[in-house]
Protein chains: 4
Amino acid sequence: MDQESLQVKQPRGARRRARTRANLLVAARKVFATCGYHDATITEITETAAVGVGTFYLHFRDKEAIFNTVLTEGLEAIRQRVGEEMAHEDNPSLPVVVRAIFHQVYAQRDILRIERTGEGVAARSGGPGMLLEMFTRFLEQVPDLSPFSEEEIPLLTALLEGLMDRAFHCWWDEQDEPDPDLMADRVLHVMQHGFPASLFEEPQQSFFNHSSLPQLFE
Amino acid sequence: MDQESLQVKQPRGARRRARTRANLLVAARKVFATCGYHDATITEITETAAVGVGTFYLHFRDKEAIFNTVLTEGLEAIRQRVGEEMAHEDNPSLPVVVRAIFHQVYAQRDILRIERTGEGVAARSGGPGMLLEMFTRFLEQVPDLSPFSEEEIPLLTALLEGLMDRAFHCWWDEQDEPDPDLMADRVLHVMQHGFPASLFEEPQQSFFNHSSLPQLFE
Amino acid sequence: MDQESLQVKQPRGARRRARTRANLLVAARKVFATCGYHDATITEITETAAVGVGTFYLHFRDKEAIFNTVLTEGLEAIRQRVGEEMAHEDNPSLPVVVRAIFHQVYAQRDILRIERTGEGVAARSGGPGMLLEMFTRFLEQVPDLSPFSEEEIPLLTALLEGLMDRAFHCWWDEQDEPDPDLMADRVLHVMQHGFPASLFEEPQQSFFNHSSLPQLFE
Amino acid sequence: MDQESLQVKQPRGARRRARTRANLLVAARKVFATCGYHDATITEITETAAVGVGTFYLHFRDKEAIFNTVLTEGLEAIRQRVGEEMAHEDNPSLPVVVRAIFHQVYAQRDILRIERTGEGVAARSGGPGMLLEMFTRFLEQVPDLSPFSEEEIPLLTALLEGLMDRAFHCWWDEQDEPDPDLMADRVLHVMQHGFPASLFEEPQQSFFNHSSLPQLFE
DNA sequence: CATGAATGAGGATTCATTCAT
DNA sequence: AATGAATGAATCCTCATTCAT
């Protein structure tokens, strides 16, 4: 009874308040995705949320605050669902994790676009660290990283993330088409075996001779 | 005498004009690197350049214009110097190219930071395509990309770029320390052989059991 | 009680808003009358209205917008009051109409001065057409315009308007003195009988001989 | 020999100077006619004149100065040519004068448009007084102005001018078509006999009854 | 709690005018 | 005399934020 009353306590305005806040977040996400952080205006957000301007400041300190909330909650949701997806697996390996990430990020790829537009704003609040953090924990548990040392875990994580990040941006930047599973295949292959070997073979017929250089680096 | 007159041709105000323009570009680069695109103001740029406000508009249409010029000229310079560095090589292979890129980008890593802060602005002008373009030409000349198809060249290029991009950002984001050569070593290793094999082995002792999951994806 | 609630309906900020808008219009009219359209500044208008700069843009898109509003509402008011004045007449003839117009325009002659200063700006919004429109309707109902044809109605209207317009401008340009009724007398006389006949008689003693010409057209 | 040398004296830079000044005036007239006084810029004038910006200030104190010069010289030219046209006439009457004015103003109607756009600027310099001045002299020599008094000469002149002014503006505002002679006919008729008599007759069937009023003055 | 009218600091941009060459 | 690069005062306009209702 005590616990229940605590949860249902003060449903007077509290519920309404929560709904307003939620509306604002949804609206902000939509507006940020459309205009980017810098061109979004509070007014447009509140109008989209069908809420008065002043109401905004009842729920968020300023634009940066709601931006970070949108981002954090968005990333958090992705994390959650990745976790849920993997709950079915008994013993998830890196490929399984990566695949799950691709699935979930694809499903909410607006969040990534939003993250991008914030740049300096989000950086401060550790937004983009989502993948970094996950991978870091992963790498820390692997016994043998040779030829890399333990100090290089951050670098490795960054590279992993860079790989995936670019894959993500093939989607919102250009097209939606390589479906998440296919995309995961390709990226995982590169992760495991690197890029095609012939890229590193001695160029038999020099395509990098002096005559072609000017074209490459004009 | 002939040569001199060629150099001194039209030195009336043209020289002064060029100097002013150069000052503005240097100032803008400094300001953009410090504040980022969105927080930079024309006034701060002109003050840094020790030039009147109006002078700015004599040389550039608006903030976006000077931003793109800074970026384009900066990337162009990098491209130039990469080309020069490789001119010494008789038969440059991908590792050599990558290494040269690391050298030159490191030397001018403010440009990358600047590029980032512009986000949507620069994208339109093809700024970030520098590496993409270079790698694309490279990949197009390689005979065998298996298991990738030719249609996937853009994806491969993006991934290559993503890898390097992250490496670059280890510098301006955090510290300056892994020197370019070392960094190139690590990245090249991943490019050739992928990430450490043990990452993909069956987890012998499940570190991904259900009890640890909540921590990973909380 | 019913009536009251109708009047007080939505009095939250709506009343305040309306008052502010009215203040701005009054202020703008004053400033435009003083400085003319081109030399008037938004700041001066808002200061006169004892209102913040931003408030201006809450009510009008730009200077042109408030200018047209001032003009339109001003002319509208004149039209209204001309109509009211003639409501007393049973069968208003042109002289009666003209006289009413003179009365009302005189009472608000700042509007005309304002209209003038806008020139190209107001032209687009059909501002100066007030008299034109009124006279056009009048002329269209007259059976016999000989020696003019129906196609010449626009020209006749323009001429009528030109006559009155000049009369109006004797007031704001120079002095206020010929009172509206007297002025109407004179203009109506010209309208009916043309200018003094002797102007068109053969000059008995040539005042236009060759010796005086240079003085006239030097 | 003496006289000749006086005229040709200092042809060194003087001639060039004069040509430059003339170029500026032609350019200014073109630009003012296109953009109006307020939107015309010194730069556009000097560019049109193919002359350096600084050169402008060698010949005119500021924009207002060149505007007044353009206007004054333009009106002066009209006056000149009106004079010339009438030199053929032995004993010019008002109709002849008016007709000549219509001819010449029509031939250079850009000047009127320019005058308009200046409004307050030109007013100070007595620009628009051209016709006023001519008519004033005319009226002053007429023996009998009844029923007008001598004190009303300014008013009569203004009305005369208003009539012609409107006629002029039928041209640059709307179309070029009623040719000058026809236009002069119509205006002269109104000048001599006033507007069609039926306009002043008692409205037999009341077209100004109370039901139609609201339409007229809504 | 919610509202939205009001605010004004702050930034972009223009253009008449000067002055060194 | 002619030039045109440089200047900066002046103006417009936006938008995050406050506060009275």
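All figures in this text were calculated on a predicted structure; none of them were measured in a lab.
For A:Glu44, there are no side-chain hydrogen bond (donor to acceptor under 3.5 Å, both in side chains) partners, not counting sequence neighbours. The salt bridge (Lys or Arg N to Asp or Glu O under 4.0 Å) test applied to B:Glu47 returns no partner, not counting sequence neighbours. C:His38 pairs by the ring-ring contact (aromatic ring centres under 6.0 Å, His included) definition with D:His38, not counting sequence neighbours. Checked against side-chain contact (heavy atoms from CB on, under 4.5 Å), B:Ala65 has the following partners two or more places apart in sequence or in another chain: B:Phe60, B:Arg61, B:Asp62. Among residues two or more places apart in sequence or in another chain, the side-chain contact (heavy atoms from CB on, under 4.5 Å) test is passed with D:Ala49 by D:Asn23, D:Leu24, D:Ala27, D:Val51. For B:Gln108, the side-chain hydrogen bond (donor to acceptor under 3.5 Å, both in side chains) partners at least two apart in sequence or on another chain are B:Arg29.
Distance CG (C:Leu24) to C1' (E:dA5): 12 Å, rounded to an integer number of Å. Look at CG on A:Asn23: it is 11 Å from P on E:dA2, rounded to the nearest Å. A straight line from CD1 of C:Ile66 to C1' of F:dC13 spans 15 Å, rounded to a whole angstrom.
Across residues 28-35 of chain C, not one residue has a non-hydrogen atom less than 4.0 Å from an atom of DNA chain F.
Side-chain proximity of A:Thr20 to F:dA5, E:dA5, E:dA2: nearest is E:dA2.
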Nucleotide-resolved protein contact map, nucleotides 14-19 of chain E, B/S/- at heavy-atom distance under 4.0 Å: BBSBB-

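Considering only side-chain N and O atoms, D:His59 lies under 4.0 angstrom from the phosphate OP1 or OP2 of F:dA2.
Of the possible donor and acceptor atoms, none in the side chain of B:Lys30 sits under 3.5 Å from a partner among the backbone N and O of B:Ile45.
At a threshold of 4.0 angstrom between heavy atoms, the contacts of A:Thr46 with the nucleic acid are absent.
Mapped onto DNA chain E by nearest heavy atom, A:Arg17 and C:Arg19 fall at different nucleotides, with A:Arg17 at the one closer to the 5' end.
Stretches of at least 3 consecutive Watson-Crick or G-U wobble pairs, with each checked distance under 3.5 Å, appear in DNA chain E as E:2-21 with F:2-21.
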